[in-house]
Amino acid sequence: MSTETIEQKAEETVIATEPLLSKRRKKFVTDPLNDDNPVTVQVLGICSALAVTVKIEPTLIMSIAVVFVIVFSNLIISMIRNFVPNRVRIIVQLAVIATLVTLVSELLKAYNYPMYKVLGAFVGLIITNCIVMGRLEAFAMGNKPYDSVLDGLGSGMGYAWVILTVAFFRELLGSGSVFDFKVFEAIGLANFPNNSLMVDSIGAFMVLGILIWIQRSRTGYVEH
Amino acid sequence: MQQSNAYIIRFTLIMTIVVGGVLALANQALRPAQLKSIEYDTKSQILSAVMEINKESDVLNMYSQRIRSVVVDIQGNEVTTNEKGETVVAEKVDVARNYKKDYKERLYPVFMYMNESNPDQIDAFILPVYGSGLWDKIWGFVAVDKDFESIAGVSFGHKAETPGLGARIGDKSIQQRYIGKKMFDANGNFVSIVMLKGESGGGQASIDAFTDRPNEVDGLSGATLTARGVNDMMKKYLDYYQKYFSKMKNGS
């Protein structure tokens, strides 16, 4: 994924003024959603994709937190990229990510304590989410702030839709509900058995595996 | 571009100050809201031992109307100040931290659930309990009826029990199995309430199967070790409060 950095740098010097959402910039957002998805194609961020996807509500909060952290850390790193000493750049990136993650965690503790109790440890683990640091190192260190924000948005959304899909199937089949709304009881199938496997991490592996299969067979991506 | 060491040191210093400043500021600014959230959470946990709490419940109001709290020691005597001379507030007693001390030196909060029409009459005593499950800590609140032996309700929480197995102790349907159980056997000996191994059907079937066994509740299939942790926690903590109960019994 670091290959794109060099290409875009060359392009940037040529284009003097381009529209806010030019074709090139749209690609920053759309690429990670499908062709270059951080979870299904790059296989990053699997740890949290397993841990928080038992129910949709915490997954949604987690997605918002990750999008927030990626976008703002990309923005901040991109703004200070010319001042960051090369030898300590990883530490600087980590400091920025850790600060943002701590902020998110404190906000959650203040305004949504039940979710903080569910997600507490995993929000902290966004710091070690490889997607975030990967984007900083591969993109934000070499691109302008606006482009970096778009790139962060794309990667964050790419992560979000995958874990939300996983969470949808896990909650539906594991707990028989969607957003804690009992679906099967509502449609008169109160006896529909819950699949405990889906509540376990194994369920996440299975759903994720199927998702990767479908996605890769559609895009024709093969690992080299 | 290779920067000098002096530049790197200056950069990291400034970064540390900025980052530290931002975090300290955020922490200070959010502190009141966090304390409020934690208070709300504690109170809804206490109340959930005796009633159904959902998102619309007016927890704080309900709590101030229905709950009176005291702190007692292992002898059942009321404690009003700690060793530093500060006033002890039951809601602020950290059960987890007390758990690390010897049981004789711990503080034991009691939350009295008062009658709705007669606010001087106690309906139930809600006691915090704390212990170890299979993977990590478990805790909860046990409501003991005013007869000093029946369970009026329980609520359990856990940190890391297995989802779908041990984590079910957090489910209301499991907690309902404890309602009406007694902590003394037919001869009046303290036996606590024991969750057995194995499960007979779940749901209402599990409650029905145990109606004539006042000291036992149905188990959790696949979570025998978590159940053992719950049993241990219930037995120890109910025992710690016995002196307080006998004092209350003689007093009233």
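Lettering of chains follows the sequences in order, A, B, ..., and the numbering in each one begins at 1. All heavy atoms count here, side chains included; hydrogens, waters and symmetry mates do not.
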Do you know which of [options] has the most heavy-atom pairs under 4.5 Å to chain A?
{"options": "Val18(B), Ile38(B), Leu165(B)", "value": "Ile38(B)"}
{"options": "Val19(B), Val22(B), Asp41(B)", "value": "Asp41(B)"}
{"options": "Thr12(B), Asn27(B), Thr16(B)", "value": "Asn27(B)"}

[X] atom [atom1], over 12 foreign heavy atoms within 6.0 Å:
{"X": "Lys172(B)", "atom1": "NZ", "answer": "yes"}
{"X": "Arg213(B)", "atom1": "CZ", "answer": "yes"}
{"X": "Lys137(B)", "atom1": "NZ", "answer": "yes"}
{"X": "Trp161(A)", "atom1": "CH2", "answer": "yes"}
{"X": "Tyr146(A)", "atom1": "OH", "answer": "yes"}
{"X": "Phe125(B)", "atom1": "CZ", "answer": "yes"}
{"X": "Phe72(A)", "atom1": "CZ", "answer": "no"}
{"X": "Met114(B)", "atom1": "CE", "answer": "yes"}

Problem set entry | Residue-level interface, residues 101-117 of chain A with chain B, non-hydrogen cut-off under 4.5 Å | Thr102(A), Leu103(A), Glu106(A), Leu107(A), Lys109(A), Ala110(A), Tyr111(A), Tyr113(A), Lys117(A)

Problem set entry | Nearest non-hydrogen partners of Tyr7(B) and Phe83(A), listed with the distance |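 So the minimum-distance heavy-atom pair works out to OH-O, 2.6 Å.
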
Exercise. With a 4.5 angstrom heavy-atom cut-off, which part of Leu23(B) approaches chain A: side chain, backbone, both or neither?
Worked result: side chain

For this session: Go through Val88(A), Val92(A), Ile80(A) and name the one with the most non-hydrogen pairs under 4.5 angstrom from chain B.
Result: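 The residue among Val88(A), Val92(A), Ile80(A) with the greatest pair count is Val92(A).
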
